[in-house]
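All remarks here apply to the structure that follows.
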Amino acid sequence: MCASVKYNIRGPALIPRMKTKHRIYYITLFSIVLLGLIATGMFQFWPHSIESSSDWSVQKRSIRDVPVVRLPADSPVPERGDLSCRMHTCFDVYRCGFNPKNKIKVYIYSLKKYVDDAGVPVSSTISQEYNELLTAVADSDYYTEDIARACLFIPSIDLLNQNALRVKETAQALAQLSRWDRGTNHLLFNMLPGGPPDYNTALDVPRDRALLAGGGFSTWTYRQGYDVSIPVYSPLSAEVDLPEKGPGPRRYFLLSSQMALHPEYREELAALQARHGEAVLVLDKCTNLSEGIPAARKRCHKHQVFDYPQVLQEATFCVVLRGARLGQAVLSDVLRAGCIPVIIADSYILPFSEVLDWKRASVAVPEEKMSDVHGILQSIPQRQIEEMQRQARWFWEAYFQSIKAIALATLQIINDRIYPYAAISYEDWNDPPSVKWGSVSNPLFLPLIPPQSQGFTAIVLTYDRVESLFRVITEVSKVPSLSKLLVVWNNQNKNPPEDSLWPKIRVPLKVVRTAENKLSNRFFPYDEIETEAVLAIDDDIIMLTSDELQFGYEVWREFPDRLVGYPGRLHLWDHEMSKWKYESEWTNEVSMVLTGAAFYHKYFNYLYTYKMPGDIKNWVDAHMNCEDIAMNFLVANVTGKAVIKVTPRKKFKCPECTAIDGLSLDQTHMVERSECINKFASVFGTMPLKVVEHRADPVLYKDDFPEKLKSFPNIGSL
Amino acid sequence: MQSWRRKSLWLALLASWLLVLLGLFPLLRLAVPTSPRAGAPQGWPRWLDAELLQSFAKPGELLEDGPRPPQALRGGSCNWGACFDTSKCRGGGLKVFVYPAAGPVSETRRKILASVEGSRYHTLSAAEACLLLLLSPDTSTGECDPVPPQWDGGRNHLVLSLHPAPCPRTFQLGQAMVAEASPTVDTFRPGFDVALPLLPEAHPLRGGVPGQLRQHSPRPGVALLALAEDGGRWHVAGTDFSACPWDGRCEQDRGPKQTHPGATLPNATFCLIPGRGPDVLHFLQALQAGCIPVLLSPRWELPFSEVIDWTKAAIVADERLPLQVLTALQEMPLTRVLALRQQTQFLWDAYFSSVEKVIHTTLEIIQDRIFGPSAHPSLLWNSPPGAILALPTFSPSPSDFPFYHLQQGSRPLGRFSALIWAGALGQPPLKLIQAVAGSEHCAQILVLWSSEKPPPTGWPKTAVPLTVIDGHRKVSDRFFPYSAISTDAILSLDAHSSLSTSEVDFAFVVWQSFPERMVGFLTWSHFWDEARGGWGYTAKRTNEFSMVLTSAAFYHRYYHTLFTHALPKALRTLADEAPTCVDVLMNFLVASVTKLPPIKVPYGMWHQEARPPPLEPGGPGLRQEPQPAAQNCINQMAAGFGHMPLVSSRLRLDPVLFKDPVSVLRKKSSPPPRSCLTPTPAPDPLRFHSRVCPLVPTLFMLPRKVHRQAPGLTRESREGTAVSSSLWPGRCATNI
């Protein structure tokens, strides 16, 4: 580098001394070399993309070409599953280590074909569904290619259907996986466990400590908090297009569509049908179907033929009876049709029961009570039925619809166990989007009245009106419950007055200097704020009496989750213009309070600074206006509650101030404020403000009662 | 020669350039971000023949897996469907019989017995009971009970023990359920057994100590962590906790520490509790203190885990990842910390603070299992006021309750039913009925006739239906959940009460904002009487109040259900004997549910002399001091509830322009003046100091209500209230 600089400097001095032909020669040589270099550079970049496209072609391989692994007959077999396994005993959490994203990393073994000594394959290489499942995992955020960083391993050995594999040899195949280590941190997927004649409820393949995501667990095989119960996927989901049918009354009250039922159950159902007639429909396999029609898509009752699964949409309740296996694919079809499943399978662990609240979408009836099922269902009120129908459909959409949905829900459950502090909540799992949208979860939901002794911190935002500021400080310091005064000095060009010049008050006074003159600085969660209650006050609010402020604080204590302020404002819908309008007239209604003087919980400072939706904060700082409207929107949106206006105070204009150019200034102000409301409403996607018709006064306000006995006699006027 | 030199110079120059460029290229390659791999998916390959793959199940395999007969019970394992006979509970719902104790009764046992007997499920006959409760042998007596008489293999039995059993059971559990404190996860049968909290010996029977949380957010500077130590002590780690403060693994500086003596509660944001047995007691302490429990791989089942969503109040972490847990706690967003802390307090207050609550919660869980589909939804268990106070028999839908409108995104119905209690009275309260029926929100008027005389026939014609219900002449009847009540809101009135329509309208609009509270006109306040060492209450006008009189108050109809079905019978009998007590009792009930004060709205004060004040049934007049008997009532109620639930308020909610010196035209609660120039003659209480604007055209004098109903003028907000800005009455008062 140094050399080049040196020659570079000397270069130009040399050139004029050269002969012309030499010069041409050298220039040509130079450019050739330069071109060569550029070509080299290009070449250096080039192979990279060639490589990746060759990767791409390698990705598209045929399943027939996967490598074959021969399993010797005496290769080790894992232990049988350990029933006492729990996450803290059998799962190696160290492999998950610290992960700032709180996401587990999942590795998938590459696909191999396993054959025994005689060359007979152990199982069919991979099924369509398992391929889909692994694809979904590989496409998700959980996936990692790096086996060393993985915390969960998924073998590519297809275990979905136990009937399609050889139990012992498959176990041997598992045992020779490179990171098997007694199955620690291995996740196996299985939907059809067991086999004739005794149909175990969990996969029979010895699997040692591996986690099992299984369809059809019973309480005896399911390891609570370790295994994951998954649905049995119904291939009809992909084949048939079944449009959603809204909740409401349906033709049949109870329907049974399963084909393979034990005669005892079928008798029971037939008896139900005989007792309740039309309301109950029991379907069976069609015996006389013509060729070519898939039997899976038809059901018959006597000689009547019904389309399946469409017929499920005609029923309010659908029976899901245990067969030889507890998990039944019909559950998925039933949910999809918005039919409420009536689960008659004792000890069955319902899919994803660790997180899904099945009470909201299904009815479980003990096998013993099967004859009473009609009575049990009749006792459910219609409104609840509709709710359950909606819920059933939502469960299908979210967790049953596709193999991908099943795979991701399984991984999410395991992820939540490993990173419990980042787990998603009951509501996230169970509430349908419509409910999530409409519901508000108040961050300060616990009903309590904070102790008076705590007091409040007053925050005065000021620029340079020192005289007025000092008056405000003096006035506010007379309020008994004031515990600290914080002056936010928003002027970067001027230093705050010297310490000695400030008024002497009985509580600590702190001055915070800001880096930029922004309105948002008023709502910053300063470390200096030690109390929960914050009084935001402008540096020109001198008309509020001490009683008025103290009473405002008392009101805040009774409504700690609300904005408690003095002058109230209203938003209105202007039909002609089809937009919101800001209203400062003195009306009977209030939906906002001005934050020129308002009490609120300091948590809202945190929300305003860090959780304000969209670009509202920047908008406010750019326009130097509407920070109070933004705060009103924020609090109303997060708590779902209205503001509290205190005392008759309606304006902040000081009595001695003269209105300079009042009207026109007022007009533009109003237009700007209205614009803010429209802007914020569009950012929030809704109008969160609530309109109320009341304000808070002291109990004896304006009562015929001796003034000196009243707690807050000096409540100011308008 | 010179050219040679020049050549060599140029060559050197070129060579250096070459070197520089070659050296730079690799650097450039690093600087250029490695190009994304041309969209090629990594990892799992896209098979060319994926379409040809077979499905995991053969066609029909999913539909016919071979029928199998119903299974017999597996030995020793029970679940709810198989081992509990719900047919016994048909009709009357859950009925609980508890085996009487033989011999000396320990303190704990006495508390359990008292709790069960105070429960609404209790029955004295073992024959009609559907759940038989067997208390585990006491620690103190040390004797083991023989097999109880109605044992029947343990069917429909619940074996309850608040403390680990000292001696092995002399009989097989059979099909009995077990409710024990902190059962180990290995033996616990989910959905069948019940996990109880491990209570300290001195746990109170009723009421209990409220949670320690006095404010929503953690105090600044409070320690982040407290660590459970042996013997019920807490080790509060300082802010410097980089050294792992448990397990004794790191012996270096533990930072500033204080070791508290046994009973004190931890003062920290998070409480680390190791998962082994002896630390179970810490769990409740942390809960009470509002310190978020961080359980490290607990080997025991969390209490009431069947219904309580512990992820909302505690963190179950892996003990093997201490540093990760610490970092996660440090970085936990404030929003989550707030929610967790509040939930600990709610759960403590709702289910754990007294023996009675623990026992009632246990029974409520069993009741939910019997109810099946109509059990408490999870929301009712996991948000205030909790499942004991939210009866699922009231309604299957949470939005019918007064508590869950926010979570459900619903609103209470926009009408109310007036329930007029007519005691010893000959004449129908005509004026009152007219005033109430005049309200636009009134849906119906119900007269509860509780007089010996037959009700008169001459009821006035009203715009809303009027129904006369024949009461049972008991004061508590006025809070019976009559099926005739069709609205969420009830306006409870006495025949003597006197209200104006505008007062009723305003109070109702206020109630809609606070549907879980009582909104009333007249108030009492309670106080601690040092001289008599008991509670007292007064009707004197004071600067604060804690009760509103039910002779004129709005409240949710759910409180009728709660009053009749959830209150102990003894308290209701007490109220029947001393009629003033009924007001106290209702206020106690609502306050114990909401933990908040009632709401007062203004009442026409200077009419006081002109019209009779609302009276409590048969009791003393408004301004008289409650009788000594009544004063005693509040103490009996406080004893019955186990604590004083009443909360005082210092504010009254007035109309926004209440008694303001602004134009009367702006005020909603006033009737429309006929002309702007004529001041309205009779002064309405809510319309004091009214001034009139003379120059506004009559068109704008219409009351707001008319504008509201005009087509095309509704405001489409989430509130649903409507107003038009363009037609808003003039600007007359802007500059007053």
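Just so we're on the same page: letters track the sequence lines, and every chain starts at 1. What you are looking at is a predicted structure, and each value in this text was computed from that prediction instead of being measured.
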Legend entry - Check: A:Asn131/B:Trp44 side-chain N/O donor and acceptor closer than 3.5 Å: yes

Inset, instruction - Mind listing the closest non-hydrogen atom pair of B:His216 and A:Pro560 along with its distance? - result: CE1-CG, 3.8 Å

Inset, instruction - Heavy atoms only: give me the nearest B:Val656-A:Val692 pair and the separation to one decimal. - result: CG2-O, 4.5 Å

Legend entry - Greatest number of heavy atom pairs closer than 4.5 Å to chain B - which of A:Pro450, A:Ala329, A:Pro447, A:Ser711: A:Ser711

Legend entry - Minimum heavy-atom distance A:Tyr233-B:Phe56, with the two atoms named: O-CZ, 3.8 Å

Inset, instruction - Calculate, to the nearest 0.5 Å, the distance between atoms OH and CG belonging to A:Tyr603 and B:Leu334 respectively. - result: 6.0 Å

Inset, instruction - Under the side-chain contact (heavy atoms from CB on, under 4.5 Å) rule, what do A:His88 and B:Leu296 come out as? Steps first, then yes or no, please. - result: CA-CA 9 Å; A:His88 60 256; B:Leu296 299 172; over 6 Å; no

Legend entry - Nearest-0.5 Å distance, CZ of residue B:Arg320 to OH of residue A:Tyr94: 6.0 Å

Legend entry - Side-chain touch A:Ser124/B:Gln54, heavy atoms, less than 4.5 angstrom: no

Inset, instruction - Output the distance between atom NZ (B:Lys312) and atom OH (A:Tyr426), rounded to the nearest 0.5 Å. - result: 7.5 Å

Legend entry - Side-chain heavy atoms of B:Trp47 within contact of A:Leu111, under 4.5 Å: yes

Legend entry - Within-4.5 Å side-chain heavy-atom neighbours: A:Thr135 and B:Arg46: yes

Inset, instruction - Determine, for B:Asp660 against A:Lys650, whether the closest basic-nitrogen to carboxylate-oxygen distance falls under 4.0 angstrom. - result: yes

Legend entry - Test item: B:Lys659 side-chain N/O and A:Lys702 main-chain N/O as donor-acceptor pair under 3.5 Å: yes

Inset, instruction - Determine the option with the most heavy-atom pairs under 4.5 angstrom with chain B, choosing from A:Met191, A:Arg86, A:Glu368, A:Lys369. - result: A:Lys369

Legend entry - Trace of the side-chain contact (heavy atoms from CB on, under 4.5 Å) decision for A:Phe551 with B:Leu651: CA-CA 9 Å; A:Phe551 178 66; B:Leu651 59 93; 3.8 Å; yes

Legend entry - No-hydrogen, no-angle side-chain donor-acceptor test under 3.5 Å, B:Ser55 and A:Glu129: yes

Legend entry - Contact summary for B:Ser513 and A:His694, nearest pair of heavy atoms: OG-NE2, 3.7 Å

Inset, instruction - Just jot down the salt bridge (charged side-chain N to carboxylate O under 4.0 Å, His left out) partners of A:Glu558, sequence neighbours excluded, or say none. - result: none

Legend entry - B:Asp654 backbone acceptor or donor facing A:Asp697 side chain under 3.5 Å: no

Inset, instruction - Could you tell me whether the side chain of A:Gln384 and the main chain of B:Pro373 form a donor-acceptor pair under 3.5 Å? - result: yes

Legend entry - Approximate separation, where rounding is to 0.5 Å, of B:Gln407 CD and A:Ser439 OG: 7.5 Å

Legend entry - Criterion side-chain contact (heavy atoms from CB on, under 4.5 Å) on A:Phe712 and B:Arg650, from CA distance to verdict: CA-CA 10 Å; A:Phe712 307 100; B:Arg650 314 189 70 179; 4.2 Å; yes

Inset, instruction - For A:Ile449 and B:Pro597, work out which heavy atoms get closest and say how close. - result: CD1-CD, 3.9 Å

Inset, instruction - Show the numbers, then the answer: is there a side-chain contact (heavy atoms from CB on, under 4.5 Å) between B:Arg652 and A:Asp703? - result: CA-CA 11 Å; B:Arg652 182 183 70 196; A:Asp703 267 5; 3.3 Å; yes

Legend entry - Min side-chain heavy-atom separation A:Leu448-B:Arg214 under 4.5 Å: no

Legend entry - Residues forming a side chain to side chain contact (heavy atoms under 4.5 Å, CB included) with B:Ser217, sequence neighbours excluded: A:Glu532, A:His601, A:Lys602, B:Gln215, B:Leu338

Inset, instruction - Indicate yes or no: at least one non-hydrogen side-chain atom of B:Arg541 is less than 4.5 angstrom from one of A:Leu700. - result: yes

Legend entry - Backbone of B:Ala57 reached by a side-chain donor or acceptor of A:Asn161 within 3.5 Å: no

Inset, instruction - Working to the nearest 0.5 Å, report the span between OG of B:Ser383 and CZ of A:Phe445. - result: 8.5 Å

Legend entry - Interface moiety of B:Val316 toward chain A, non-hydrogen atoms closer than 4.5 Å: backbone

Inset, instruction - Say whether, by atom type as modelled, one donor and one acceptor occur between the side chain of B:Asn543 and the main chain of A:Leu709 under 3.5 angstrom. - result: yes

Legend entry - Side-chain touch A:Tyr421/B:Val294, heavy atoms, less than 4.5 angstrom: no

Legend entry - Inter-residue atom distance A:Tyr130.OH - B:Leu53.CG, 0.5 Å rounding: 13.5 Å

Legend entry - Minimum side-chain heavy-atom gap B:Arg341-A:Leu446 below 4.5 Å: no

